[in-house]
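No experiment lies behind these values; they were computed from the predicted model shown.
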Amino acid sequence: MEEIMEKKRMERIAEKTRRLMEAPTCAGELKEAAQRWLDSVGTETEAEETKAYLKEDIMPIEQLIGFAESEGGKAYFGADTAAGIAAHAREIQAAGARYCDCPACALVEEILAEEEGML
């Protein structure tokens, strides 16, 4: 029974990982780590790749606000978009969010909720 539950959990994580890789906000480095992890499942490198995959960043809300309000963030997003991102981030922070809620970060947060069983 435990083996079946573990298999289902890994299938769930693999599906979330594939969705993460398709998210428009998923960074290239994270896509690469995710693919390496998917390729390693069931092999002798799985534990090593799991640790590398789980080290990839999820954007803490304070970091998102700081970047969006910085000159670099304004240059990256454009001033108006950066201001909107910062305002949205402050709203969700006030509601209790700890992380960015873009599609990629939301999926990483779901995957990290299962981290204990992966390591």
Under 3.5 Å, which donor-acceptor pairs do the side chains of residues 95-104 form with other protein atoms, sequence neighbours left out?
unit_1, atom_1, unit_2, atom_2, d
D101, OD1, H88, NE2, 3.0
D101, OD2, H88, NE2, 2.9

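- In terms of the side chain to side chain contact (heavy atoms under 4.5 Å, CB included) criterion, residue partners of E15 (sequence neighbours excluded) are, by chain and number, R18, R19.
- Looking at residues two or more places apart in sequence or on another chain, you find a salt bridge (Lys or Arg N to Asp or Glu O under 4.0 Å) between E110 and K16.
- Remark: side-chain polar atoms of Q63 are not paired, donor with acceptor, to backbone N or O of M59 under 3.5 angstrom.
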Would you tabulate the side-chain donor-acceptor contacts of residues 76-83 under 3.5 Å, counting partners in other chains and residues two or more places apart, or write 'none'?
none

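- Scored by the side chain to side chain contact (heavy atoms under 4.5 Å, CB included) test, E22 finds no partners at all (sequence neighbours excluded).
- Residues V41 and I13 have side chains not in contact (no heavy-atom distance under 4.5 Å, counting atoms from C-beta outward).
- How far NZ of K51 is from CD of E46: 12.0 Å, rounded to the nearest 0.5 Å.
- Taking E62 as the reference, P60, Q93 meet the side chain to side chain contact (heavy atoms under 4.5 Å, CB included) condition, with sequence neighbours excluded.
- In this structure, A86 and I65 approach most closely via the heavy-atom pair O-CG1, 4.4 Å.
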Query - salt bridge (charged side-chain N to carboxylate O under 4.0 Å, His left out) between R9 and E6, worked out - result: CA-CA 5 Å; R9 186 180 68 75; E6 175 62 14; 2.7 Å; yes
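- Summarising the geometry, atom CG belonging to L64 is positioned 6.5 Å from atom CD1 belonging to I85; distances are rounded to the nearest 0.5 Å.
- By the side-chain hydrogen bond (donor to acceptor under 3.5 Å, both in side chains) test, E109 is found to be paired with no residue, residues two or more places apart in sequence or in another chain being considered.
- Remark: T45 pairs with S40, T43, E49 by the side chain to side chain contact (heavy atoms under 4.5 Å, CB included) rule, at least two apart or across chains.
- Between Y53 and L30, the closest side-chain pair of non-hydrogen atoms falls below 4.5 Å.
- At a cut-off of 3.5 Å, with distance as the only test, no side-chain donor of W37 or T17 sits close to an acceptor on the other residue.
- Applying the salt bridge (charged side-chain N to carboxylate O under 4.0 Å, His left out) test to every pair with at least one member in residues 63-75, sequence neighbours left out, gives these pairs: E69-R90, E71-K74.
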